[in-house]
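Here is the structure we will look at, set down as structure tokens.
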2 protein chains.
Amino acid sequence: MVTLAEVAQHAGVSASTVSYVLSGKRSISATTRQRVEQSIRLLGYHPNAGARALASSRSNIIALMVPLRTDMYVPVMMEIAIAVATTARTHGYDVLLLTGEEGPDAVRRVTGSGLADAMILMDVELDDERLPLLRGTDQPSVLIGLPAETTGLTCVDLDFRATGALCVEHLAMLGHRDIAVIGEAPAVYERHTGFAERTLDGLRSRARELGVRLLHRPCEGGYDAMAVTLARILDERPGTTGFVVQNESAVEPLLALLRQRGRAVPEDVSVVAVCPEQVAVQASVRLTSVAIPAQEMGRYAVEHLVAKLDGRGTDEVVLIAPELTVRASTGPAPSGRTS
Amino acid sequence: MVTLAEVAQHAGVSASTVSYVLSGKRSISATTRQRVEQSIRLLGYHPNAGARALASSRSNIIALMVPLRTDMYVPVMMEIAIAVATTARTHGYDVLLLTGEEGPDAVRRVTGSGLADAMILMDVELDDERLPLLRGTDQPSVLIGLPAETTGLTCVDLDFRATGALCVEHLAMLGHRDIAVIGEAPAVYERHTGFAERTLDGLRSRARELGVRLLHRPCEGGYDAMAVTLARILDERPGTTGFVVQNESAVEPLLALLRQRGRAVPEDVSVVAVCPEQVAVQASVRLTSVAIPAQEMGRYAVEHLVAKLDGRGTDEVVLIAPELTVRASTGPAPSGRTS
DNA sequence: ATAGTCTGTCGAAGCGCTTCGACAGACTTT
DNA sequence: AAAGTCTGTCGAAGCGCTTCGACAGACTAT
């Protein structure tokens, strides 16, 4: 392993000079800099991460806590994770992957050990156990998702309330009067994951304002669960012509089931999904959807953290405005026959 | 930040004693150990990661390189990543998330800086640029996937050749004589990703042995691409009654399209998928499938690395035997009408 | 010319831990 | 009773880097 000292000797300067060349924290003459840089290249020098972390109390690592569950939103999680990793690298940071398994202890461990300089938390619950710890440390953090109480925290998320409103609006505008919402799995609501409840809020209040009827049913993903849920919905509200689907693993099953029942999309029934773009365009009917801006959230989270670590930036809550893209799964409500 | 020295002082022992209590590398009397452990708890001490890494030249971090592309096998990748992170924690390791973006440089950086003690590489190509670097370092590594040349490397993977053979066998046994293979996206083959080619090998050679006809067509995921691919296949081989699907994002579209053409699964047509269990059971028809043992691979990779880091363990290639689970998507070939 | 200001470089201290050799004391063995 | 062996603990060195204060030399303003 090549060390700083060896580079210094090779370049005929002192160790501190090499360090300053590397960090740019003091001015160095052009000739010296070049000599040092050449030595670094020649010797194939890489600064030792541990030593650097010890001396500077900066690890240049951002911790990313992903949910342990692989049952929901997998593509979104993955996309966020990759956006985080990629963005972090462009700022000279690496990413430590933590699973939710350790829970609050992970936060303690990371902040206590100086393993990471900052944290990004995904899958935040409304009243998350980790929040008091975050507030109690001076380590910067960003939540992807919105807890109940955000004071002293930085959060990014899609504005799910507006998303819900937007979906209802779109369907209402097309004349749909009876709308069913295929929600996330019951467990997601029990856990009080913010986004699910906020979407529902948005859906409900806009539905009330616009005078459309709304039926919300949680649904596990998969074909069988969707079949049961759909049967119940059509039983209870036979006149349903609009669907809002939040659980992406229910999308394709729903389309298949509707087809099976002879209900054409979008002629008889309209479907709006809240899902990543890719899912929307790859579905068997190109879906009118509100995209979940996974990449954008990941990138924002990292950039905010970097700013904070550089002494810039403040706590704030950023809600990304939803955008509804009209594709082939929504159309005017069939005239007359709505209940 | 609480330091070792403070713990030592609090417990009335020397710093080295505390260190030995922590590492267990020398025997410590029960009473001293207890006193130290109590002080650690009381003060909320966490060893500083950087200092530890510097002094011991061990970071207790395992690097995981995931593919940058989010276009293929997302659930599998995610499942592996989570299995890796979880398993690593049980052995006292953390996981650093690297994307393929940096390519070989990432390997250089990690080994050079001592950021991680070992690496796990996913999405290995047959002739991967990173392999020479891995061979040239003494840092342990495990590949998830199989390159062309494995000497000096440790690899885990599903035995895709056997998987291909198994799928053909199952269909042949049921009387299917004309089998179509829905492969991965063309780009995957162009990249020479090992698993795709090996599966194909297994399919072809077993098909030859059993005297069944095989038609292989690469296919991008999604409904539209699948529609085109299916049309071509049925055009060329109208008597096709068996399908093997490797691209999981083609599964649901295929089922929808077959239904649409009035071909019932499994009465008229049988479908075998190579995909994670979850996808198989959640599909609109419960799929006969060979599961991709994502968790098992992730766990194995970590455990092998830990063994190597502990001075045990050797280089070897482990191919996990495929298991075909019969579900509702395969049945006897329709009698008489096969071409 | 003198004092004052930059610029570029160096030396040394120290970050918090691990680990090696030393060694005191208790306990065997002859 | 002397020599040898363990066991448990300590002190000190050192891991490779950052950073602070010092300072020589060049330059500017008076």
Side-chain angles (χ1 to χ4, degrees), chain A residues 1-37 39-40 43-61 92 109-117 309, chain B residues 1-37 39-40 43-61 92 109-117 309-311:
Chain A
M1 218 74 306
V2 188
T3 70
L4 226 213
E6 291 169 328
V7 173
Q9 193 178 5
H10 185 271
V13 297
S14 75
S16 48
T17 300
V18 177
S19 179
Y20 286 123
V21 168
L22 250 29
S23 69
K25 293 190 179 174
R26 285 202 183 172
S27 55
I28 297 287
S29 70
T31 59
T32 305
R33 183 200 310 305
Q34 280 167 14
R35 208 139 34 86
V36 170
E37 280 167 353
S39 299
I40 288 176
L43 301 178
Y45 169 71
H46 284 272
N48 181 87
R52 197 165 242 198
L54 177 56
S56 65
S57 355
R58 282 296 205 91
S59 64
N60 284 292
I61 288 179
R109 197 165 60 82
V110 167
T111 58
S113 68
L115 236 186
D117 298 331
L309 289 169
Chain B
M1 217 69 314
V2 188
T3 69
L4 227 213
E6 291 169 325
V7 173
Q9 192 178 6
H10 185 271
V13 298
S14 75
S16 48
T17 300
V18 177
S19 178
Y20 287 123
V21 167
L22 251 29
S23 69
K25 292 192 178 173
R26 286 204 182 170
S27 54
I28 297 287
S29 70
T31 58
T32 306
R33 184 199 311 305
Q34 279 166 16
R35 208 140 33 86
V36 170
E37 280 167 353
S39 299
I40 288 176
L43 302 178
Y45 169 70
H46 284 272
N48 180 86
R52 201 166 236 198
L54 177 56
S56 65
S57 356
R58 282 299 204 92
S59 64
N60 284 292
I61 288 179
R109 196 165 61 84
V110 168
T111 58
S113 68
L115 236 185
D117 298 333
L309 289 169
D310 290 354

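Sequence lines set the chain letters: A, B, ... in the order given, protein chains first and strands last, and positions in each chain run from 1. The figures that follow rest on heavy atoms only: side chains count, while hydrogens, waters and symmetry mates do not.
- Partners of A/Ser14 according to the side-chain hydrogen bond (donor to acceptor under 3.5 Å, both in side chains) rule, which considers only residues two or more places apart in sequence or in another chain, are A/Ser16, A/Thr17.
- Among the protein residues, B/Leu4 comes within range of the nucleic acid bases, having at least one heavy atom under 4.0 Å from a base atom.
- Of all heavy-atom pairs spanning A/Ala15 and A/Leu4, the tightest one is O-CD1, 3.7 Å.
- Figure legend. D/dA24 is base-paired to C/dT7; pairs are counted as Watson-Crick or G-U wobble with both atom distances under 3.5 Å.
- Among all heavy-atom pairs drawn from A/Tyr45 and A/Val2, the shortest one is CD1-O, 3.4 Å.
- Sorted by residue number, the members of residues 7-17 of chain B with any non-hydrogen atom under 4.0 Å from DNA chain C read B/Ser16.
- The neighbour count for B/Gln9 CD, taken as heavy atoms of other residues, nucleotides or ligands under 6.0 Å away, does not exceed 12.
- Of all the heavy atoms in A/Ser59 and A/Ala53, the pair that sits closest is CA-CB, 4.1 Å.
- A/Thr32 places no side-chain N or O within donor-acceptor distance of the main-chain N or O of A/Ile28, the cut-off being under 3.5 Å.
- Along DNA chain D, the nucleotide closest to A/Ser19 and the one closest to B/Ser27 are compared, and the more 5′ of them pairs with B/Ser27.
- Nearest-nucleotide positions on DNA chain C for B/Leu54 and B/Arg26 put B/Leu54 closer to the 5' end.
- The nearest heavy atom of DNA chain C to A/Ala30 and to B/Ala55 marks one nucleotide each, and the one closer to the 5' end goes with A/Ala30.
- Heavy-atom neighbours of B/Glu37 CD from other residues, nucleotides or ligands within 6.0 Å: above the threshold of 12.
- Smallest separation of non-hydrogen atoms from A/Asp117 and A/Ser57: OD1-O, 4.4 Å.
- For DNA chain C, the contact window with chain B, defined by any atom under 4.0 Å from a protein heavy atom, covers C/dG16 to C/dA22 in 5' to 3' order.
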